[in-house]
There are 2 protein chains.
Amino acid sequence: MSNAYNRPDQLSPELRRRVLETARRLGYPGPDPVARSLRTRKAGAVGLLLTENLSYAFRDPAAIGFLEGLALACEDAGTGLLLVPANPEREDVAAVHRAGVDGFVVYSVPDDDPHLAAVLERPVPTVVCDQPDLDNVDRVGIDDQAAMHSLAQHLISLGHRRIGVVCMRLARDRNDDFVTPERQQAAHFHVQRARLAGLAQAFASVGVEWVTVPVAERFDHTMASGASAAAQVLERDPEITALICTSDILALGALAEVQKRGLRVPADITVTGFDGIREAEQAGLTTVRQPVLEKGRAAGKLLLDSAERTRPRAVTLSTELVLGSTAAPPRGTAEERWFGP
Amino acid sequence: MSNAYNRPDQLSPELRRRVLETARRLGYPGPDPVARSLRTRKAGAVGLLLTENLSYAFRDPAAIGFLEGLALACEDAGTGLLLVPANPEREDVAAVHRAGVDGFVVYSVPDDDPHLAAVLERPVPTVVCDQPDLDNVDRVGIDDQAAMHSLAQHLISLGHRRIGVVCMRLARDRNDDFVTPERQQAAHFHVQRARLAGLAQAFASVGVEWVTVPVAERFDHTMASGASAAAQVLERDPEITALICTSDILALGALAEVQKRGLRVPADITVTGFDGIREAEQAGLTTVRQPVLEKGRAAGKLLLDSAERTRPRAVTLSTELVLGSTAAPPRGTAEERWFGP
DNA sequence: AATTGGTTCTGAACCGTTACGGTCACTTCA
DNA sequence: TGAAGTGACCGTAACGGTTCAGAACCAATT
């Protein structure tokens with residue numbers, strides 16, 4: 001039976017014909033993929049876990065890029081890609097338990113996420129992306145701290161000392177407000193923690209007291225969030241000369257907000273982002289470009305290249321500072337006095 | 001055992017504790033999802049088949065919108081979404097056979113696609129989207145022919161009679177060239193066939209000989225394709241007053257090409273698209289907006305609402321003509337003489 | 001004629017889970 | 001005291017494939 005479908009060479013054409021003939025007559029729909037998976041211990045699919053609602057993956061340009069890269073790796077290997085529905089609000093990890101996959105890719109979830117814990121308990125290989133190092137788990141990412149540090153250095157060299165920050169959510173609980181230093185250090189989202197650390201380090205090294213810097217956090221990753229956070233920061237300290245956002249989406253929202261308030265960018269205020277999505281490029285945003293597609297592809301490759309079994313492996317991709325038109329020296333600096341406003 | 005994990009109420013806490021305890025000691029990784037699926041006959045996932053490489057789903061804005069809607073429906077139902085890798089170049093339907101899913105959504109594949117045939121052979125419910133009617137299969141779509149007809153009417157009322165057309169691929173074989181009338185009628189992509197039919201019908205009714213209209217086909221759905229097709233059409237007939245494209249992506253490419261040639265839009269030439277993606281809106285394209293997200297959501301709902309088992313069902317969503325700034329009366333019409341160029 | 005080699009075909013074991021029915025101890029009520 | 005009822009627990013049979021050992025068969029060699 002099995003041979004008739006999958007190994008035509010193992011039996012005579014005559015028998016094969018007869019088998020298939022009667023199979024059809026009996027209305028046999030072909031081998032059941034699940035039973036096959038059970039026996040062969042191969043599901044032919046990899047699972048993707050991400051911290052947001054499933055549909056979020058198709059709203060955030062950076063996530064889309066990551067998925068495209070991951071899909072590229074999957075189609076090369078002829079593997080399916082299963083999007084695992086992990087509702088961040090609920091603690092329901094059943095979906096992780098139910099996923100019939102040969103491995104998991106975990107993309108940017110809080111490090112205390114129960115879904116992540118459930119994945120790690122499953123006896124399948126896992127690759128994490130934008131996560132802190134984990135024992136015996138492959139990792140793909142960038143050096144968020146260094147990348148943000150270099151962006152900060154750029155702003156510092158332009159003369160900025162009084163800044164405000166807008167960041168994505170730092171933990172699983174909602175806090176659409178300013179962030180305490182403790183919360184910053186305890187942040188469960190590795191990426192955000194690292195970026196803030198890079199900023200803090202750079203500005204502290206030129207004498208800026210980090211605790212005095214307003215850092216506004218937003219749970220939802222939307223332009224509207226960026227706008228409201230920017231408003232909150234500007235309310236707190238109207239004298240800031242630069243608004244640093246930890247993502248382009250937030251930065252685009254912030255940009256809209258400051259412009260709505262009649263501030264000119266970059267003449268009156270500098271705004272920066274992070275990610276390097278296309279929309280940011282069109283807006284001329286000063287930002288850090290990271291290779292999102294490559295991240296996805298690398299994660300997929302790592303998971304599917306079971307040849308090299310020397311785990312854990314780590315891939316750190318490089319980033320690039322993008323000098324757009326939204327950053328300039330603050331008003332009244334030496335440079336401005338030399339070159340005119 | 002099973003009860004200990006899945007039905008804590010069926011046994012005493014004491015026994016449950018003991019079972020889990022020894023399970024952990026023996027290194028038992030928890031119930032195997034594949035075996036569970038085999039026994040319960042539920043995979044907890046729906047499969048998505050689309051005609052392009054897997055990664056294409058993340059490159060085309062319309063496809064992304066569809067996927068977002070589908071993901072929305074999936075997350076509501078707590079179901080996973082499995083992207084099935086169906087390479088359009090190869091005839092390898094094994095991936096369809098291997099997919100452990102409770103149902104399929106088939107999105108815009110040629111009606112003679114072997115992958116589609118393989119899906120229909122599987123004994124699971126199926127919903128097709130942007131496909132012709134099929135016996136016993138649910139369907140979601142729009143009235144492509146009517147929508148394109150109304151766009152054509154608009155152009156006709158503006159005074160256009162000499163037009164060129166750029167369309168997506170019409171069959172599984174590559175034909176980056178003009179399309180014969182036979183090929184148009186035999187087109188295996190329902191959507192493209194219907195849109196061309198809508199155009200032909202509208203223009204024929206005002207005396208335009210459809211066979212004289214240059215229709216350029218492109219296999220790849222990219223802006224570059226739109227540009228090269230536009231160039232080919234303009235080469236053939238430089239006198240056309242309108243360039244009608246069957247998708248926004250193609251139209252944006254065509255727009256770039258005509259502008260590169262020094263033609264002003266819409267003063268010298270009218271360009272239209274189809275889909276209503278955001279990029280088109282930003283470019284002010286005259287187009288037809290279709291509710292891509294709703295299509296995905298409707299497809300998912302149809303598949304997952306197993307309550308109503310009165311198959312087959314069909315959902316036809318409505319479209320909307322978007323009057324952008326890329327369509328105007330052709331040069332030298334009465335209107336132009338009245339209002340100036 | 002018996003042995004060997006090779007091919008084609010058959011049957012049974014196994015993958016790990018859940019559903020189901022049966023056993024057993026213990027309580028309740030006549 | 002005994003019958004009936006209740007609930008916890010356990011054993012077993014599928015689910016539908018794949019795999020592999022070995023049976024059966026045929027042809028060629030000794």
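Below, chains carry the letters A, B, ... as their sequence lines are ordered, and counting in each starts from 1.
Atom pair B:His97:NE2 and D:dT18:C1' shows a separation of 17 Å (rounding to whole Å applied). When the P atom of D:dG16 is taken as reference, atom CZ of B:Arg122 falls 13 Å away, rounded to whole Å.
Within the helix from C:dA1-D:dT30 to C:dA30-D:dT1, the inter-axis angle between the opening and closing five-pair segments is 60°, rounded to 10°.
Ring planes of A:His221 and A:Tyr56: tilted class, angle from 30 to 60°.
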B:Thr79 vs B:Leu304, side-chain contact (heavy atoms from CB on, under 4.5 Å): CA-CA, chis, key distance, verdict: CA-CA 9 Å; B:Thr79 323; B:Leu304 296 164; 3.7 Å; yes

side-chain hydrogen bond (donor to acceptor under 3.5 Å, both in side chains) evaluation trace for B:Glu75 with A:Asn87: CA-CA 8 Å; B:Glu75 72 193 27; A:Asn87 193 320; over 6 Å; no

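Side chain of A:Asp92 to main chain of A:Ala94: a donor-acceptor pair is present (N/O by atom type, distance under 3.5 Å, no hydrogens or angles). Side-chain atoms of B:Arg172 come within 3.5 Å of backbone atoms of B:Asp112 as a donor-acceptor pair (strictly under, hydrogens ignored).
A centroid separation of less than 6.0 Å is found between the aromatic rings of A:Phe58 and B:Phe58.
Heavy-atom distances under 4.0 Å link DNA chain C to B:Ala35, B:Arg36, B:Leu38, B:Arg39, B:Thr40 of residues 34-44 of chain B, given in residue order.
Within the structure, the salt bridge (Lys or Arg N to Asp or Glu O under 4.0 Å) test picks out the following pairs touching residues 46-58 of chain B (sequence neighbours left out): B:Glu52-B:Arg169.
In summary, B:Asp76 and B:Lys301 do not engage in a salt bridge, as defined by a charged side-chain N under 4.0 Å from a carboxylate O.
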